[in-house]
There are 2 protein chains.
Amino acid sequence: MILIAERINGMFTDVKRAIAEKDKKVIQELANRQTQAGAACLDVNVGTAAADQEGTMQWLIESIQETCSTPLCLDSQKPDVIAAGLKVVNTDNGVLLNSTPLNKKSDEDVFDKYIEMAEHAGPKANLIALTMDKNGVPQDTDNRVAIAAEIVSKAIEKGFDPQRLFIDPIVLPVKVPNAQVQPCNILAAMEQIQYLADPAPHMTVGLSNLSQGTSERSLINRVFLAMAMSRGLDSAIADVFDTDLVNVVATTEMLMNKQIYSDSFLKVYASTNR
Amino acid sequence: MILIAERINGMFTDVKRAIAEKDKKVIQELANRQTQAGAACLDVNVGTAAADQEGTMQWLIESIQETCSTPLCLDSQKPDVIAAGLKVVNTDNGVLLNSTPLNKKSDEDVFDKYIEMAEHAGPKANLIALTMDKNGVPQDTDNRVAIAAEIVSKAIEKGFDPQRLFIDPIVLPVKVPNAQVQPCNILAAMEQIQYLADPAPHMTVGLSNLSQGTSERSLINRVFLAMAMSRGLDSAIADVFDTDLVNVVATTEMLMNKQIYSDSFLKVYASTNR
């Protein structure tokens with residue numbers, strides 16, 4: 001399981017403050033602690049408060065790279081912010097571009113642009129692709145799968161290895177009633193997406209989004225994660241400080257036959273993933 | 001979710017002692033506490049210690065029925081013990097016969113016998129059918145599904161409503177290495193069994209069997225249960241005193257769209273299932 005740690009995000013008040021005060025110790029501590037907790041990759045999101053988003057992205061990346069070599073996940077809805085990040089990121093560590101839709105109303109070629117950016121960043125650059133197109137997030141399972149299929153085929157067409165794609169079928173908060181996009185529909189989409197290519201493309205989700213505003217965040221995240229992992233989800237942007245969640249990841253990997261059972265399987269998982 | 005509570009079983013020392021000393025208070029307290037904890041049904045298993053298994057089954061049933069009307073699940077590998085139980089059980093409450101294989105080497109018609117026993121016990125009698133035949137428990141997914149299909153078709157042939165079947169795809173302990181029957185293979189079998197009839201036949205498992213002898217029993221049970229419920233498992237023989245497990249059941253039902261999210265969804269589940 002490729003856990004992408006979510007905490008270096010300007011949405012959190014400690015990070016927001018650190019960005020405003022250029023206090024890189026806060027960022028570096030989060031980078032090291034998340035790596036220690038089992039993160040394979042660190043999400044980096046400047047949030048919305050910073051005036052200079054491009055400069056802030058670069059400052060965050062440089063601050064982290066001073067202290068650890070964990071791969072980074074450059075997270076922004078603005079391609080220019082990701083492009084700015086790519087100028088300073090150490091691509092030898094691996095880098096994930098987060099994220100592109102298939103298309104946007106305003107920009108038909110946005111997916112192509114991201115593929116080019118990833119290609120330009122070298123062979124260790126991967127790309128999160130959202131199952132949404134110019135019509136937005138589809139309201140049913142079939143269209144999510146259809147967009148995922150189009151993402152995979154467009155990648156192949158452009159000579160971009162589908163193994164470098166992380167397809168995100170987009171989980172929405174359970175708290176917001178939405179008849180068409182219940183979590184069970186997302187699971188049904190995952191069940192199909194895992195067979196779109198062989199070997200399967202990676203799949204990821206912004207897990208915490210699911211439990212946004214609920215009373216049982218960790219429990220909801222954990223249960224969904226186990227169900228999703230049993231349908232090919234092999235990555236998630238998540239709270240790696242949630243030990244219960246990491247233990248569920250280890251248990252699911254064991255039950256899905258990706259790790260052999262031993263009485264210390266939780267410790268084995270923790271030690272091999274840090 | 002139809003939770004069948006596992007604790008009234010002569011395998012547990014308190015029950016074994018209560019049986020030996022004919023101390024019905026112990027049994028009655030377990031019956032009431034498990035019902036209060038959310039059991040839809042109480043498993044009743046005399047264990048192996050009692051000399052008079054038939055008499056003990058009747059004594060257990062009569063003791064429970066003095067104090068509560070929760071449906072009972074008569075659990076024995078000996079049809080005579082189940083038949084003895086059926087003589088005293090209040091079938092108006094509902095009763096589950098646990099269990100029959102499709103066939104046994106020694107007795108080709110064992111499945112037919114159980115169907116007849118269930119029919120004779122009236123319309124509220126249901127039957128747990130194991131996906132095993134005269135060759136024992138199949139070592140792969142396909143044969144488990146094939147046996148499940150044969151169970152459903154034999155039931156239909158005999159005019160026995162498939163809705164009265166609880167198909168048990170048989171989980172084995174993760175601690176015992178078995179290349180062919182990993183938990184992920186059982187999940188793959190469930191994925192198919194749920195489509196054998198419409199409406200789907202019930203599916204059940206002896207959940208605690210999975211974590212037998214492991215260091216993380218509740219965690220392993222919980223993670224597997226969530227994955228299995230997302231593939232149509234709608235019943236399990238389980239430890240209903242495990243609050244974490246019951247909370248996972250509630251969360252899975254919510255995520256699978258069987259219960260609407262509210263901030264008190266765990267309490268709502270608990271109060272509607274007790």
Side-chain angles (χ1 to χ4, degrees), chain A residues 171-188 190-191 210-232 243-269, chain B residues 171-188 190-191 210-232 243-269:
Chain A
V171 294
L172 298 172
V174 288
K175 190 154 183 162
V176 182
N178 184 328
Q180 298 301 312
V181 199
Q182 294 290 342
C184 55
N185 300 126
I186 305 299
L187 293 171
M190 288 177 177
E191 182 74 41
L210 181 73
S211 61
Q212 204 71 256
T214 66
S215 56
E216 295 285 345
R217 296 206 63 172
S218 172
L219 178 61
I220 291 171
N221 293 343
R222 290 195 310 266
V223 169
F224 183 79
L225 189 59
M227 298 193 292
M229 285 176 68
S230 73
R231 287 170 173 81
T243 313
D244 289 338
L245 184 79
V246 176
N247 285 343
V248 162
V249 169
T251 306
T252 307
E253 294 224 327
M254 186 271 290
L255 290 171
M256 292 308 290
N257 211 15
K258 295 187 193 300
Q259 193 190 316
I260 286 174
Y261 175 83
S262 75
D263 285 344
S264 54
F265 75 98
L266 294 182
K267 278 184 197 160
V268 170
Y269 181 85
Chain B
V171 294
L172 299 173
V174 286
K175 189 157 182 158
V176 182
N178 184 327
Q180 298 301 312
V181 200
Q182 294 289 341
C184 55
N185 300 126
I186 306 298
L187 293 173
M190 288 178 176
E191 181 74 40
L210 181 73
S211 62
Q212 205 70 256
T214 66
S215 56
E216 295 284 346
R217 297 206 62 172
S218 173
L219 177 61
I220 291 171
N221 292 342
R222 291 197 308 266
V223 169
F224 184 79
L225 189 60
M227 298 193 291
M229 285 176 69
S230 72
R231 288 170 173 81
T243 313
D244 289 338
L245 184 79
V246 176
N247 285 344
V248 163
V249 169
T251 306
T252 307
E253 295 224 327
M254 185 271 289
L255 290 171
M256 293 306 291
N257 211 15
K258 295 186 191 302
Q259 193 191 315
I260 286 173
Y261 175 82
S262 74
D263 285 343
S264 53
F265 74 99
L266 294 181
K267 279 185 197 158
V268 169
Y269 181 85

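Order of the sequence lines sets the chain letters (A, B, ...), proteins ahead of strands, with each chain counted from 1.
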Visitor: Given a strict heavy-atom distance threshold of 4.5 Å, which part of A:R231 is in contact with chain B: side chain, backbone, both, or neither?
Guide: both
Visitor: Check each atom of A:L225 against the heavy atoms of chain B and say whether the ones under 4.5 Å are side chain, backbone, both or neither.
Guide: neither
Visitor: Test: ring-ring contact (aromatic ring centres under 6.0 Å, His included). Region: residues 246-267 of chain B. Which pairs qualify, not counting sequence neighbours?
Guide: B:Y261-B:F265
Visitor: The test is side-chain contact (heavy atoms from CB on, under 4.5 Å); show your working for A:V268 and A:Q259 and say whether it passes.
Guide: CA-CA 9 Å; A:V268 170; A:Q259 193 190 316; 3.8 Å; yes
Visitor: Side-chain contact, heavy-atom cut-off 4.5 Å: A:I186 with A:F224?
Guide: yes
Visitor: Between chain B and each of A:L266, A:L187, A:L210, A:I260, count heavy-atom pairs under 4.5 Å; write down the option with the most.
Guide: A:L266
Visitor: Heavy-atom pairs under 4.5 Å with chain B: which of A:D244, A:I220, A:V248 has the most?
Guide: A:I220
Visitor: Do the non-hydrogen side-chain atoms of B:Q212 and B:K175 ever get within less than 4.5 Å of each other?
Guide: no
Visitor: Do you know which of A:G213, A:C184, A:S262 has the most heavy-atom pairs under 4.5 Å to chain B?
Guide: A:C184
Visitor: Mind checking what makes salt bridge (Lys or Arg N to Asp or Glu O under 4.0 Å) contact with B:R217, not counting sequence neighbours?
Guide: none
